[in-house]
Amino acid sequence: MLVSIIIVNYNVKYFLEQCLNSVLRATETITAEVFVVDNNSTDGSLQYLEPKFPTVHFIPNDTNDGFAKANNKALQYCNGDYILYLNPDTIICENCIRRCVQFFESNADCGGVGVRMIDGSGNFLPESKRAFPSPRASFFKLTGLAKVFPHSKVFNQYALGHLDEYKNHEVDVLAGAFLMSRRSIIEACKGFDEIFFMYGEDIDLSYRIQKIGYKNYYLADTSIIHFKGESLKKGSSNHVKMFYGAMSIFVLKHFGKSKGVLFANGIQLAILLRASVAFLKRGFKKIGLQILDAITIVASLFFVEKCWIHFERNGQPFTQTAEPYFIIGFATIYLIAAALSGMYDKLYKPLKAIWASFIGIIVMIATYSLLPENQRFSRGVIIIGGLLAGAFVTASRWVFVKLGFIENQRDESKIKQTFIVGSTDEFNYVAEIFKKAGLEERIVGRVAIGNDVDAAIGNLYQLYLLIVSMQIEEVVFCEGTLTYYQIIQTIQTLPHNISYRFIGNHTNSIVGSDSNATTGETFTAEGFYQINQSYHKRMKRLVDVCTSLIILLGFPVHLLLLKNSVKVFKDAVSVLLHNKTWIGYCTSNTHLPIMKSGVLSCYGLRTQLAHPLSQSALQKLDALYAKNYDFWQDVRLLMRNYKNIGD
């Protein structure tokens, strides 16, 4: 056996599907074995992938034991002369593994090999070649100076920014996303050190390879795609803490307590500063806009009130004590309505801002009619102020977009124009996936590979010009007629500000990532599910919480009306704690979006009861429920089955 390939998976089944497809292409002309260790994924990875890849050895874990421990578990089964550690969110080209083996055979001092990595948009990933994390290098990376001076030997020492990315180099650290070594060397090093849970284990192994007398090399003449960020969001405070915490462990382990403690303390301070910046940045995106909206709304209402007093009341102020509560109440209702409508998911939505104003006006006018005569505030101020508030919020969003403070996240299903690069059959297959996702209107047409230009917009050699001239925002590459090598080479020559998606021959998913910090969209032949959308997830949770509160607060009444009311009370507590949902699937269908177990099934019966329908019929009901989810469906089911909810 020439090569043993080890991949650790955690909840990235569609990325892993594409990865495995590329690995099998790369090992067609060599003897190889592939091991996938699944770290207790909850997305149905094993059930989805095992039937598709019968030659791959899947090793399930009952718990998430971390990257190092999972790799070591597979190592004991390996028979290859070489070991390749590979991330599941990668795509490798056909000659990649052979090229690495050839380099080993030509360089007796080679202990480990890494390759040139690019992200899903074709940008070079600087972690492809790295130095050991000295205190100075870590400080410059944490403070952002490494990004400001990317080619500096001093400021970007950690990523070896002064070394040409297109030339082979001896380096200190190999990335765990693609790390190949001789099995004899890996066994001499006893694999990864399991003190590292996530991050740092590749640095530690690279160091120990050098300690036993070998060198590590960065190979620039073969490239892979590494999507990154699929298991943990880059730039998050948790990522910063885990990554630099691993650096501290490494220094303490290899450089002693005196230097290690000093480094660790410096790292902790830097982590605190970096996390604070990340917190403030995320805070503005999450609640900063809401605060600005609240200020805008209150200011608008106060402005209209002052104008109303001046022009309509001849300077006589309002005397009602309820006046400030109306203004605060309107602002609160506006923000709630805006959040529920998804205005803070899609940051520039003029209609949603106006819609929130109308909701606020209606609720406040209704409240107005219930107040005593002497407490009734001006309806004119509420109506005009509410409309003005909606207009000002919309205008402020437009200004923020123009200034670049927020992105213009309009409805992508309508604005994206998509090319599909492939044969006619490949185009038809991808078009069908887009149709199932309800996104068929995105597709502009097919880009042919060679001379197969019938019904095509152009060919591969014209792709750059077509993208620019037609303002295309998304390109889907089909592997099959195109090789992975051609795809990887091509995306590096195209604009980097658009979305690239990838689908392997005979696979059922389309994956891609717009940057190294986001997962982007994933489309599958299994379909597109409404319940996956953030708006519908939020509304489902809102129904769950409201229903639970109604049951708990009105428990004495429900005690008389419901059968087995004690069980319903326990269910309400469980749903409120987010351990269950009121409406769930009829079956344990692993191909559908993940959901908490339901008290009632979408068929209407308690999930523990035997259903009169067949298993296949129930699975279809589950699929329809997920695909066409609407929170009113949950409300209707709960109302219809209220009396028997505990039976």
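Values reported hereafter were calculated over all heavy atoms of this structure, with side chains retained and with hydrogens, waters and symmetry mates removed. Since we're looking at a predicted model, the values are computed, not measured.
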Taking all heavy atoms of [X] and all of [Y], pick out the closest pair and write down the distance.
X: D172; Y: S206; value: O-CB, 3.4 Å
X: N21; Y: G504; value: ND2-CA, 3.5 Å
X: L174; Y: G114; value: CD2-N, 3.5 Å
X: I185; Y: C110; value: CD1-O, 4.2 Å
X: N11; Y: T42; value: OD1-N, 2.6 Å
X: E17; Y: S509; value: OE1-OG, 2.6 Å

Are any of the side-chain heavy atoms of [X] and [Y] separated by less than 4.5 Å?
X: I491; Y: F502; value: yes
X: Y48; Y: D43; value: no
X: V421; Y: I449; value: yes
X: M595; Y: Y629; value: no
X: S22; Y: C93; value: no
X: N71; Y: V8; value: yes
X: V37; Y: N61; value: yes
X: R25; Y: N505; value: yes

Enter the distance from [X]:[atom1] to [Y]:[atom2] here, rounded to the nearest 0.5 Å.
X: L179; Y: L205; atom1: CG; atom2: CG; result: 6.0 Å
X: S4; Y: I83; atom1: OG; atom2: CD1; result: 4.5 Å
X: I487; Y: C478; atom1: CD1; atom2: SG; result: 8.0 Å
X: E50; Y: H57; atom1: CD; atom2: NE2; result: 12.0 Å
X: C96; Y: L84; atom1: SG; atom2: CG; result: 7.5 Å
X: H506; Y: E479; atom1: NE2; atom2: CD; result: 8.5 Å

Hey, does the side chain of [X] reach the backbone of [Y] with a donor-acceptor pair shorter than 3.5 angstrom?
X: T483; Y: Q486; result: yes
X: Q417; Y: M470; result: no
X: K215; Y: E170; result: no
X: T507; Y: I503; result: no
X: K129; Y: L160; result: yes
X: H496; Y: S121; result: yes
X: R208; Y: G191; result: yes
X: N87; Y: D89; result: no
X: Q76; Y: K73; result: yes

Other residues, nucleotides and ligands only: do more than 12 of their heavy atoms fall within 6.0 Å of [atom1] on [X]?
X: F427; atom1: CZ; value: yes
X: Q471; atom1: CD; value: no
X: D109; atom1: CG; value: yes
X: Y485; atom1: OH; value: no

Under a 3.5 Å threshold, yes or no: a donor from one side chain and an acceptor from the other, between [X] and [Y]?
X: S128; Y: E165; result: no
X: N508; Y: Y429; result: yes
X: N9; Y: S45; result: yes
X: D454; Y: T424; result: no
X: N40; Y: N64; result: no
X: E474; Y: S499; result: no

Checklist entry - With sequence neighbours left out, which residue pairs that include part of residues 92-101 fulfil the side-chain hydrogen bond (donor to acceptor under 3.5 Å, both in side chains) condition? => result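 Sorted pair list: T29-R98, R99-D221.
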Checklist entry - Looking at residues at least two apart in the chain, or sitting in another chain, which of them share a side-chain hydrogen bond (donor to acceptor under 3.5 Å, both in side chains) with K596? => result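 Checked K596 against side-chain hydrogen bond (donor to acceptor under 3.5 Å, both in side chains); zero matches.
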Checklist entry - For residues 96-129, which residue pairs qualify under ring-ring contact (aromatic ring centres under 6.0 Å, His included), counting only residues two or more places apart or in two chains? => result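 Residue pairs passing ring-ring contact (aromatic ring centres under 6.0 Å, His included), neighbours aside: Y82-F104, F103-Y217.
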Item to check | Test ring-ring contact (aromatic ring centres under 6.0 Å, His included) applied to Y85 - qualifying residues, sequence neighbours left out | outcome: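 ring-ring contact (aromatic ring centres under 6.0 Å, His included) list for Y85, sorted by chain: F192.
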Checklist entry - Looking at residues at least two apart in the chain, or sitting in another chain, which of them share a ring-ring contact (aromatic ring centres under 6.0 Å, His included) with F419? => result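 Here no residue qualifies.
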Checklist entry - Taking V36 as the fixed residue, which of L46, L20, V23 is the one that meets the side-chain contact (heavy atoms from CB on, under 4.5 Å) rule? => result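 Among L46, L20, V23, the one that satisfies the side-chain contact (heavy atoms from CB on, under 4.5 Å) with V36 is L20.
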Only pairs under 3.5 Å count here: list side-chain donor-acceptor contacts from residues 457-467, not counting sequence neighbours, and write none if there are none.
| unit_1 | atom_1 | unit_2 | atom_2 | d |
| --- | --- | --- | --- | --- |
| N459 | OD1 | Y461 | N | 3.0 |
| N459 | OD1 | Q462 | N | 3.3 |
| Q462 | OE1 | N459 | N | 3.0 |

